[in-house]
Amino acid sequence: MTRFACLQDPLFGGDNYARHGSLPPGPPPPYESVITDAASHNILSVPPDQSVTGDPASSGSQGTAAAANGSGGRAAGLPSPAYNSDFEIVVADPVKQGEGVSAFVSYKVRTRTRLPQYNRPTSEVIRRFRDFVHLEQQLSEKHKGVIIPPLPEKNAVQKFQMSQEFIEERRRALQVFLNRAAAHPALATSPELQLFLEATEDTWAVEMARAQQAAGSSGGASGPKERLKDAVGWFKGLGQAATSIVAGSNKAADSAEDPEYIKVRDYLVALESHLAEAHRQAARLTSKEAELGEATLEFGQALERLGRLEEGNVSEAFSQFSSRASELVAARRKGCEALGAKFEAPLKEAVRTVRSVTAVCNDRALALSAHLAAKQDVDAKKVKWARLRGTPGSPPEKLAEAEKEVSDAEGRLRETKIAYEELVAVMTEELNRWQKDRAADMSALLRDFALAQASMASEGVRAWSGLLAELQAVTGAPAAAAIT
């Protein structure tokens, strides 16, 4: 199966859109439209009572800035979305709180929305990473079958170091997460997202306390030994789930599954592997580009020191080279930042998204297993009932109890069948939508990579051409042919 063959493949829903009588939603926000530069962190700092579509002429300096940016009534610096959405969400102003292992980073989440269900068109709240994790968990629990946008991975080492690069990378990834969730047709109007985006800190603290209490009442660990036991059990369960889904060890479930879906599952395994390798190579490429820039800078500095020992034109030529090398390195650093934000980071997000798809596959496997278990339970209850009926002198109350057990088991069988079929229907639409979105994302990613490389090459030609002209002027050499 080729990378984009699933776009028209029946196993991804095929003609589901025609059957359901509606067109699929547009692609998710391009990566560059849901991240901002560190210099743009003060966007959306507008009065909360200002309307989303306020008149630029009547909104003071912010209206003027918005008009200058071509964004209508949007706040200054806010990237204009390249998709149809009722949200504009920015994660900004990361602030480190505390020291050591207990340190964390808080973020301001600024939102504009046109949805009437929200209490205000604009809001600003403070959240930390664990709050985003809670939102992701709530969305996963309440929207089975839906592919939830992924969060950035937890990194204990980086968290302890709290480097500016790590904080900024996480901030951008959190912003992407929220904007993708807000652009999702099933998640945009969810009460879980609304509570996260507009609840005050006090209200949100109550929500987190409620969630922790619910986790504790459902059998959460209370002491170190219990937590360790739960952690070991979780890892074992994760391994079993991975074995069941990825390696297909659950033969009974696989035999009951749609063969085309098994192909999808195998495709996801290969896709994650290739995407992970592509991300690894993208990170390596970005690192090599940065190393080349630093090597050029150090070479220029060495020539400058060498030039101090020379006289006349030679000394001036070395000085000119060092100056141009600094300009070239500055341009290369900017290009490397663009590669990281528009090429490496989207590939990393794509890997995480495939894992989110696999999590939905896990839900499907669990739903099917529950249905098969319910079917086996019905069969066992019927055998028991038949045995009692065939035994002379069986007490009437035992017969009635066995009949009720069969009826209850059949009810559970119907419920598990409905739950499985509903999840499959949602998942089919989700896979179709995700594959179309992924194709658009990959096309945009390759385009941005080519643009970044072309920009760096153009800056390099400009710098080296300028240096060549200056060296010719200093040494009096004849002009060389223009570099194109």
Side-chain angles (χ1 to χ4, degrees), residues 25-38 40-41 43-44 77-94 105 107-113 125 127-137 139-140 146-155 158 165-188 190 192-193 196-197 275 278-279 282-283 286 337-357 359 433-434 437-445 447-449:
Y31 201 86
E32 65 270 22
S33 75
V34 290
I35 61 175
T36 57
D37 297 330
S40 303
H41 285 182
I43 64 179
L44 280 177
L78 182 67
S80 178
Y83 60 97
N84 184 17
S85 174
D86 291 313
F87 288 90
E88 295 170 359
I89 305 173
V90 172
V91 177
D93 300 337
V105 176
Y107 307 87
K108 289 182 179 179
V109 179
R110 300 182 178 123
T111 305
R112 282 180 179 268
T113 181
V125 297
R127 300 287 184 259
R128 54 185 292 187
F129 184 73
R130 71 177 184 185
D131 300 327
F132 287 84
V133 173
H134 175 70
L135 171 62
E136 188 270 342
Q137 291 173 344
L139 293 175
S140 298
V146 172
I147 300 172
I148 307 299
L151 282 173
E153 302 90 344
K154 294 182 179 181
N155 190 319
Q158 290 286 353
E165 181 181 359
F166 166 72
I167 292 174
E168 175 62 13
E169 181 181 342
R170 172 171 282 189
R171 182 200 67 79
R172 291 188 177 201
L174 293 175
Q175 181 165 295
V176 170
F177 164 74
L178 287 179
N179 278 275
R180 291 215 186 260
H184 193 290
L187 304 179
S190 66
E192 297 80 25
L193 181 62
F196 179 90
L197 292 177
L275 279 173
H279 170 255
T286 303
E337 291 177 1
L339 278 178
K342 297 185 178 183
F343 183 56
E344 180 186 350
L347 278 173
K348 190 173 184 179
E349 187 207 6
V351 176
R352 294 195 298 261
T353 303
V354 174
R355 292 170 184 163
S356 295
V357 179
R433 182 190 62 81
W434 165 71
D437 293 348
R438 196 181 68 81
D441 282 351
M442 289 295 104
S443 297
L445 184 148
R447 177 203 63 205
D448 290 344
F449 173 70

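Numbers here are sequence positions counted from 1. The structure presented is a predicted model; accordingly, all values stated were derived computationally and were not measured.
The residues Arg110 and Glu88 are annotated as not salt-bridged, no charged nitrogen and carboxylate oxygen being separated by less than 4.0 angstrom. Arg172 and Glu168 are joined by a salt bridge, as a carboxylate oxygen and a charged side-chain nitrogen come within less than 4.0 angstrom of each other. Arg180 has a carboxylate O that lies under 4.0 Å from a charged side-chain N of Asp441, or vice versa, which qualifies the two as a salt bridge. Under the 4.0 Å criterion applied to side-chain N and carboxylate O atoms, Glu169 and Lys348 are assigned as salt-bridge partners.
Between Ser443 atom OG and Asp448 atom CG the span is 11.0 Å, to the nearest 0.5 Å. The structure places CZ of Arg447 at 12.0 Å from CE of Met442, a figure rounded to the nearest 0.5 Å. Note that CZ of Arg127 is 5.5 Å distant from CZ of Phe196, once rounded to the nearest 0.5 Å. Rounded to the nearest 0.5 Å, atoms CG (Leu193) and NE2 (His184) are 12.0 Å apart. With values rounded to the nearest 0.5 angstrom, Leu187 atom CG is found 8.5 Å from Glu192 atom CD. Taking CD from Gln137 and CG from Leu151, the interatomic distance works out to 9.0 Å, rounded to the nearest 0.5 Å.
Using modelled atom types, one side-chain atom of Thr113 and one backbone atom of Asp86 make a donor-acceptor pair closer than 3.5 Å. Using modelled atom types, one side-chain atom of Asp131 and one backbone atom of Arg128 make a donor-acceptor pair closer than 3.5 Å. Side chain of Ser356 to main chain of Ile148: a donor-acceptor pair is present (N/O by atom type, distance under 3.5 Å, no hydrogens or angles). Using modelled atom types, no side-chain atom of Glu344 and backbone atom of Ala283 make a donor-acceptor pair closer than 3.5 Å.
Side chains of Pro149 and Thr353 form no contact here, defined as non-hydrogen atoms less than 4.5 Å apart. Between Phe129 and Val105 there is no side-chain heavy-atom pair separated by less than 4.5 Å. Side-chain contact check for Phe87 versus Thr111: some heavy-atom pair is nearer than 4.5 Å. In this structure, Val109 and Gln175 have side chains that are not in contact, with every pair of non-hydrogen atoms separated by 4.5 Å or more.
The two residues Leu347 and Ala282 make their nearest non-hydrogen contact at CD1-CB, 3.7 Å. The minimum heavy-atom distance linking Leu445 with Pro346 is given by the pair CD1-CB, 3.6 Å. Looking at every heavy atom in both residues, Ala188 comes nearest to Ala182 through CB-O, 3.2 Å.
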Q) Under the side chain to side chain contact (heavy atoms under 4.5 Å, CB included) criterion, do Trp434 and Val357 qualify, and how do the steps go? A) CA-CA 9 Å; Trp434 165 71; Val357 179; 3.8 Å; yes
Q. Between Val125 and Leu197, does a side chain to side chain contact (heavy atoms under 4.5 Å, CB included) hold up when you go through it step by step?
A. CA-CA 7 Å; Val125 297; Leu197 292 177; 5.9 Å; no
(Q) Between Ile89 and Arg112, does the side chain to side chain contact (heavy atoms under 4.5 Å, CB included) criterion hold? Intermediate values first, please. (A) CA-CA 6 Å; Ile89 305 173; Arg112 282 180 179 268; over 6 Å; no
Q: Please step through side chain to side chain contact (heavy atoms under 4.5 Å, CB included) for the pair Leu135 and Leu178, ending with a clear verdict.
A: CA-CA 10 Å; Leu135 171 62; Leu178 287 179; 3.8 Å; yes
**Q.** Check against salt bridge (charged side-chain N to carboxylate O under 4.0 Å, His left out), Glu153 and Arg355
**A.** CA-CA 11 Å; Glu153 302 90 344; Arg355 292 170 184 163; 3.8 Å; yes
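With Tyr107 as the aromatic partner, Arg171 does not meet the cation-pi criteria of under 6.0 angstrom to the ring centre and within 45 degrees of the ring axis.
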